[in-house]
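Just the heavy atoms: all of them, side chains too, but no hydrogens, waters or symmetry mates, feed the values below.
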Amino acid sequence: MPSNGYIGRFAPSPSGPLHFGSIVTALGSYLQARQRKGKWLVRIEDIDTQRTVNGADKIILHQLENLGLFWDDEVVYQSQRIPLYESALERLNKSGLTFPCACTRKEIAESPYSCTCRNGIAKGKTGRSIRIKTDDRDISFNDKLQGSYSQSLHTEVGDFVIKRADGQFAYHLAVVVDDAEQSITDIVRGADLIDSTPRQIYLQKLLESATPHYTHLPVVIDKYGNKLSKASTAKADYIDNPAETLTKALVFLGQSPEKHLSNASVQEILQWAINNWTLKNISQIREITLD
Ligand code: GLU
């Protein structure tokens with residue numbers, strides 16, 4: 001399928017079935033790609049074995065199909081791409097910016113966090129994770145929905161982990177390697193990840209990868225103020241009535257599905273949505289409470 005230059009993706013972690021919030025993200029990234037006549041890829045982010053739930057990937061893919069959100073190409077699984085992350089880590093090691101860190105979770109949680117491992121590990125301690133040195137320069141980008149966003153990694157985030165103490169590659173490294181390897185041009189995802197973006201842009205620069213365009217959609221918050229989580233979704237919600245779910249997700253995204261669509265099929269709703277999709281109608285806020 002021709003990508004028309006645009007390649008988007010939906011990258012769920014298989015920690016449980018998709019909930020309404022992740023369906024909103026899937027739909028937004030799908031519509032943005034399809035309206036541009038681009039490709040839309042699905043990547044299962046199963047690199048964190050502690051969060052991965054057996055069989056959740058299959059449920060997620062089934063939910064997407066049920067919603068009519070068909071993807072292009074083969075689904076990619078992060079767990080099968082470890083050599084790619086190894087080689088990126090080697091390249092980062094060569095930059096001289098990585099260092100082993102001996103701090104435990106407890107030490108890191110202490111405030112203010114004062115890891116000095118970047119200057120060498122203290123005697124008697126051993127390296128557990130691998131971190132990357134950050135600096136004081138601001139990293140800024142222009143989000144297509146949220147506008148300009150800027151962060152000083154050194155003061156706001158600190159040197160961050162790229163390989164964890166348990167030997168697993170960190171999300172930030174894996175996502176940057178995959179987005180580059182899959183030639184992703186546009187990332188549409190939840191606004192809960194906006195403050196991760198400067199870290200990812202920093203790694204893209206070090207790995208000499210292109211920086212995609214970013215669009216961070218509002219995330220769905222429940223009436224208690226909590227972000228919905230896949231891990232706490234007991235059953236595959238919203239799969240019983242996909243047409244109704246799509247309509248509800250479109251309304252959440254500020255789109256105004258026409259009345260005649262109330263009895264329409266999933267395909268008809270999606271076709272209308274592709275034709276009428278506009279970022280202009282989406283609230284430029286990071287969280288919206290679902291009543
Ligand atoms: N895997 C992440 C999640 O399910 C999304 C990562 C991304 O879109 O960059 O929250």
Y149 and N142, any side-chain heavy atoms less than 4.5 Å apart
no

Euclidean distance, Y30 OH relative to I23 CD1, rounded to 0.5 Å:
14.5 Å

Keeping T289 on the side-chain end and K223 on the backbone end, is there a donor-acceptor pair under 3.5 Å?
no

Around atom CG of N119, are there more than 12 heavy atoms from other residues, nucleotides or ligands closer than 6.0 Å?
yes

Quick check: do V157 and R199 have side-chain heavy atoms less than 4.5 Å from each other?
yes

When you check the side-chain N and O atoms of D138 and Q151, is any donor under 3.5 Å from an acceptor?
no

Run the numbers on C117 and F99 for side chain to side chain contact (heavy atoms under 4.5 Å, CB included), then give the verdict.
CA-CA 7 Å; C117 299; F99 63 92; 3.9 Å; yes

Stepwise salt bridge (charged side-chain N to carboxylate O under 4.0 Å, His left out) test for R286 and D195
CA-CA 11 Å; R286 305 218 190 124; D195 65 357; over 6 Å; no

Is a side-chain donor or acceptor of S283 paired with a backbone partner of I285 at a separation under 3.5 angstrom?
no

Side chains of S22 and T25: donor-acceptor distance under 3.5 Å anywhere?
no

Compute both the distance and the angle, then confirm whether K144 meets the cation-pi test with Y214: under 6.0 Å from the six-membered ring centre, within 45 degrees of the axis.
no

From CG (N93) to CD (E86), nearest 0.5 Å
10.0 Å

State which residues pass salt bridge (Lys or Arg N to Asp or Glu O under 4.0 Å) with D57; sequence neighbours excluded, sorted by chain then number.
none

Main chain of D222, side chain of N226: is a donor-acceptor contact present, judged purely on distance under 3.5 Å?
no

State, without any angle test, whether Q168 and T49 hold a side-chain donor-acceptor pair at a distance under 3.5 Å.
yes

Test your reading of the model: is there a side-chain donor-acceptor pair from E287 to the backbone of I221, 3.5 Å cut-off?
no

Stepwise side chain to side chain contact (heavy atoms under 4.5 Å, CB included) test for L173 and K163
CA-CA 8 Å; L173 181 65; K163 192 169 185 194; over 6 Å; no

Got a donor-acceptor contact below 3.5 angstrom from the Q32 side chain to the V188 backbone?
no

Trace of the salt bridge (charged side-chain N to carboxylate O under 4.0 Å, His left out) decision for D48 with R164
CA-CA 10 Å; D48 185 342; R164 304 179 348 181; 3.2 Å; yes

Step through the shown structure and confirm whether more than 12 heavy atoms of other residues, nucleotides or ligands are within 6.0 Å of CG on N54.
no

Between L217 and I282, is any pair of side-chain heavy atoms under 4.5 Å apart?
yes

Salt-bridge contact R81-E181 (side-chain N to carboxylate O under 4.0 Å)
yes

Residue among L207, L97, T197 satisfying side chain to side chain contact (heavy atoms under 4.5 Å, CB included) with Y202:
L97

Mutual orientation of the aromatic rings belonging to H172 and F160 [parallel < 30°, tilted 30-60°, perpendicular > 60°]:
perpendicular

Is a donor from one side chain sitting under 3.5 angstrom from an acceptor on the other, for W277 and Q255?
no

For the pair E107 (side chain) and T104 (backbone), establish whether a donor and an acceptor sit closer than 3.5 Å, ignoring hydrogens and angles.
yes

Once rounded to the nearest 0.5 Å, what's the spacing between atom CD1 of I201 and atom CD of Q204?
6.0 Å

So, are E45 and R43 salt-bridged, with charged N and O less than 4.0 Å apart?
yes

Quick check: do V175 and R9 have side-chain heavy atoms less than 4.5 Å from each other?
yes

Is it true that atom CZ of R51 has more than 12 heavy atoms of other residues, nucleotides or ligands lying nearer than 6.0 Å?
no

Would you say that H154 contacts D159 through its side chain, given a criterion of any heavy-atom pair below 4.5 Å between the two side chains?
yes

Determine whether L270 and L27 make a side-chain contact, defined as any pair of heavy atoms from C-beta on separated by less than 4.5 Å.
yes

Between K39 and D72, does at least one N-O distance fall below 4.0 Å, as a salt bridge requires?
no

Atom OH in Y171, atom CD1 in I47: separation rounded to 0.5 Å?
12.0 Å

Less than 4.5 Å apart, side chain to side chain, heavy atoms only: is that true for L203 and I162?
yes

For a quick check under 3.5 Å, do N241 and E244 share a side-chain donor-acceptor pair by atom type?
yes

The reported gap from CG in L228 to NE2 in H19 (rounded to nearest 0.5 angstrom) is 5.0 Å

Any chance the side chains of S265 and E268 put a donor and an acceptor closer than 3.5 Å?
yes

For D46 and T52, does a side-chain donor sit closer than 3.5 Å to a side-chain acceptor?
no

